[in-house]
2 protein chains.
Amino acid sequence: MKQYDHPCAADFTVTQILHALSDPFRLSIVRRLAVLQPQPCAPLQAGRPKSSVSHHFAVLRAAGVLRTEVVGVTHMNSLREPELDSRFPGLLAAILAACAVENRDDEAELNPFVATQPA
Amino acid sequence: MKQYDHPCAADFTVTQILHALSDPFRLSIVRRLAVLQPQPCAPLQAGRPKSSVSHHFAVLRAAGVLRTEVVGVTHMNSLREPELDSRFPGLLAAILAACAVENRDDEAELNPFVATQPA
DNA sequence: CCAATAGTTCGATAATAGTGGAACTATTAG
DNA sequence: CTAATAGTTCCACTATTATCGAACTATTGG
């Protein structure tokens, strides 16, 4: 039964976290996990080869963004939200909120009739 | 009289901003500017060759993080805080706050007698 | 034990980013 | 006009990251 190394919260660094989240694919993984958690890797692959997906998960783990727990044959991922928030309060929330803003733009672009007024 | 291109706030992207700020040198520039603003490039060089400094400023400009205004012979830099905040509310603040946390650690490491209690 | 599943690790290659010297540009001071 | 200043641009080089196939590992189901 193999498990993973996860840095402890005190060792998280701002630059490592920002770098981990500055990649569109990795950021999309984090956004999905923020909504539905925990989740195995497979549904987040988005058509990429497994080795590439595995690499991006490793980057996110190393930055402390997520935790991977081996549960039977699947590896369950969850955001390390409590630890992230205790170390850097509000950081993850602000980034996710920023993604939501960006996403709202995309919807507006696809369909100009929605989302001119927020609600 | 040459001026620079600055993207407009609506074109800022989360990944570009996070990437721009994921470099320690660039992040240090932003942290200095957050305190003392506007400022020319020279005092922020930290001993690096000018071409390298110029490159990092260009990355920050392209991401929308700062604005460079040609004022006489110097180029004055300032954070685009209002625009950043209107586009991604709280994002810059959260990142700067996270830096402050990290910095507090460093001080504690250098001198264990201060900073065990915040004040 | 065997096959299937889920994901990792390795290794080569490609792409992206950072570095730093040298020549260049714009502005001001003399 | 000339020199000095502040920074940019260009270019070659290095270093870091990402990509993806193939072989590997751990776990479960039959």
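Lettering follows sequence order; numbering is per chain, from 1. Every value quoted in this text rests on a predicted model; they were computed, and no experiment measured them. Both backbone and side-chain heavy atoms feed into the values below; hydrogens, waters and symmetry mates do not.
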Pairs under 3.5 angstrom only: tabulate donor-acceptor contacts from the side chains of residues 49-61 of chain A to other protein residues two or more places apart or in another chain.
{"unit_1": "A:His56", "atom_1": "ND1", "unit_2": "A:Arg26", "atom_2": "NH1", "d": "3.1"}
{"unit_1": "A:Arg61", "atom_1": "NH1", "unit_2": "A:Thr68", "atom_2": "OG1", "d": "2.8"}

Open item on the list: Could you work out, with side-chain contact (heavy atoms from CB on, under 4.5 Å) as the rule, every residue matching B:Pro24, not counting sequence neighbours?
Closed with: A:Thr15
TODO: Using atom CD of B:Gln16 as one end and atom P of C:dT16 as the other, report the distance to the nearest whole Å.
DONE: 14 Å
- [ ] Quick one: which residue pairs count as a ring pair (Phe, Tyr, Trp, His ring centres under 6.0 Å) with a foot in residues 67-104 of chain B, not counting sequence neighbours?
- [x] B:Tyr4-B:His75
Please list every donor-acceptor pair under 3.5 Å in which a side-chain atom of residues 28-38 of chain B meets a protein atom from a residue at least two apart or in another chain.
{"unit_1": "B:Ser28", "atom_1": "OG", "unit_2": "B:Phe25", "atom_2": "O", "d": "2.7"}
{"unit_1": "B:Gln37", "atom_1": "NE2", "unit_2": "B:Leu79", "atom_2": "O", "d": "3.3"}

Task: Integer-rounded Å distance: C:dA6 P and A:Gln3 CD - done: 18 Å
Open item on the list: Expressed as a whole number of angstroms, how long is the span from B:Met76:CE to D:dT8:P?
Closed with: 14 Å
Open item on the list: To the closest 0.5 Å, what do you measure between CD1 (A:Ile17) and OG1 (A:Thr13)?
Closed with: 6.5 Å
TODO: Could you list by number each residue of residues 17-51 of chain B showing a heavy-atom separation from DNA chain D of less than 4.0 Å, or answer none if no residue does?
DONE: B:Pro40, B:Cys41, B:Ala42, B:Lys50, B:Ser51
Open item on the list: Could you work out, with side-chain contact (heavy atoms from CB on, under 4.5 Å) as the rule, every residue matching B:Ala97, not counting sequence neighbours?
Closed with: none
Open item on the list: Under 4.0 Å, heavy atom to any atom of DNA chain D: which of residues 54-66 of chain B qualify?
Closed with: B:Ser54, B:Arg61
Open item on the list: Tell me whether the side-chain N/O atoms of A:Tyr4 come closer than 4.0 Å to OP1 or OP2 in C:dT8.
Closed with: yes
Open item on the list: Of the options D:dT19, C:dT5, C:dT19, whose atoms approach the side-chain atoms of B:Ser52 most closely?
Closed with: C:dT19
Task: Partner set under salt bridge (Lys or Arg N to Asp or Glu O under 4.0 Å) for A:Arg87, not counting sequence neighbours - done: B:Asp105
Task: Residues which pass salt bridge (Lys or Arg N to Asp or Glu O under 4.0 Å) with A:Glu83, listed by chain and number, not counting sequence neighbours - done: A:Arg67, A:Arg80
- [ ] Provide, to the nearest angstrom, the distance between the NE2 atom belonging to A:His75 and the C1' atom belonging to C:dG7.
- [x] 5 Å
